[in-house]
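This report concerns only the one structure given below.
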Amino acid sequence: SAVISQKPSRDICQRGTSLTIQCQVDSQVTMMFWYRQQPGQSLTLIATANQGSEATYESGFVIDKFPISRPNLTFSTLTVSNMSPEDSSIYLCSVGGVGGRNTEAFFGQGTRLTVV
Amino acid sequence: KNEVEQSPQNLTAQEGEFITINCSYSVGISALHWLQQHPGGGIVSLFMLSSGKKKHGRLIATINIQEKHSSLHITASHPRDSAVYICAVPNHSGGSNYKLTFGKGTLLTVNP
């Protein structure tokens, strides 16, 4: 299994500012992903965090708005830039391939972001 | 792109009842995930399965690959089972098991 520490767990931010969310895993993992869950909606994939290279973004998400870093196999950050109230959501990191094996997916506890 | 349908959207049960939540998807997959989300937002992975049936405690998950359908069962339900249960499948046929498309979830409330 894998234990994921996601920080912060919640934050209230002013519009126009940026927030960086951290995801730390206690094991090396092949894949790390970032998801967004807008109020009342299902989770949507933002991007795949690639170790040592630029993240791969899904349609509708861009690097300028959601820059992602992944410096090693256990850590990633997602920044929500120039925030507006529409960015108020739960953001989750997810990992798969723990220890290089075909394990189940593991999720962080989520970051509940409110933009005012 | 895979589409996921879950039913029911909301489910209220009395403690001890047998619960079934259903999930259908549109594109052939290699694995399907059942997840549990609590009010704070955190998600716990319950199962990842690619065929047949898996059991963990009072939870049972089944999948029929040919019919593109999976069910999650809870036996002897308890108020602490109250949560949102989410089905998730790979975005695309042949895609990564971990790049997921999620159902809208089933809100389960178990009353004492």
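Protein chains get the first letters and strands the later ones, always in sequence-line order, with residue 1 at the start of each. These figures come from a predicted structure and were not determined experimentally.
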Flag yes if [X] and [Y] sit in one hydrophobic cluster, no otherwise; membership is Ile, Leu, Val, Met, Phe, Trp, Tyr, and two members link when side-chain heavy atoms are under 4.5 Å apart.
X        : Y       : answer
A:Phe106 : A:Phe75 : no
B:Phe102 : B:Val84 : yes
B:Trp34  : B:Ile65 : yes
B:Ile60  : B:Leu46 : no
B:Leu59  : B:Ile63 : yes

Does any non-hydrogen side-chain atom of B:Val44 lie less than 4.5 Å from one of A:Phe107?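 They are not in side-chain contact.
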
If we only count heavy atoms from C-beta on, is the A:Gln109 to B:Ile43 side-chain gap below 4.5 Å? no

Compare every heavy atom of [Y] with every heavy atom of [X], then report the nearest pair and how far apart it is.
X        : Y        : answer
B:Ser45  : A:Ala105 : CB-O, 3.0 Å
A:Phe33  : B:Lys99  : CE2-CG, 3.1 Å
B:Leu100 : A:Leu45  : O-CB, 4.4 Å

Check: residues 51-58 of chain B side-chain donor-acceptor pairs under 3.5 Å, at least two apart:
from, atom 1, to, atom 2, distance (Å)
B:Lys54, NZ, B:Met48, O, 2.7
B:Lys55, NZ, B:Gly57, O, 3.0
B:Arg58, NH1, B:Thr75, O, 3.1
B:Arg58, NH1, B:Ala76, O, 3.1
B:Arg58, NH1, B:Asp81, OD2, 2.8
B:Arg58, NH2, B:Asp81, OD1, 2.8
B:Arg58, NH2, B:Asp81, OD2, 3.2

Checking heavy atoms, do the side chain of B:Ile86, its backbone, both or neither come under 4.5 Å from chain A? side chain

Residue part contacting chain B, namely of [X], when any heavy atom lies under 4.5 Å:
X       : answer
A:Leu43 : both
A:Ser94 : neither
A:Gln6  : neither

Using non-hydrogen atoms and a limit below 4.5 Å, what part of residues 103-112 of chain B faces chain A?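 At a heavy-atom separation under 4.5 Å, chain A is reached by B:Gly103, B:Lys104.
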
Residues clustering with A:Leu78 (ILVMFWY side chains joined when closer than 4.5 Å, directly or via others): A:Leu19, A:Ile21, A:Trp34, A:Ile46, A:Tyr57, A:Phe61, A:Ile63, A:Phe66, A:Ile68, A:Val80, A:Met83, A:Tyr91, A:Leu113, A:Val115

Are there more than 12 heavy atoms of other residues, nucleotides or ligands under 6.0 Å from atom CD of B:Glu5? no

Throw together a table of side-chain donor-acceptor distances under 3.5 angstrom for residues 9-18 of chain A, partners on residues two or more places apart or in other chains.
from, atom 1, to, atom 2, distance (Å)
A:Thr17, OG1, A:Gln14, O, 2.6
A:Ser18, OG, A:Asn82, N, 3.4

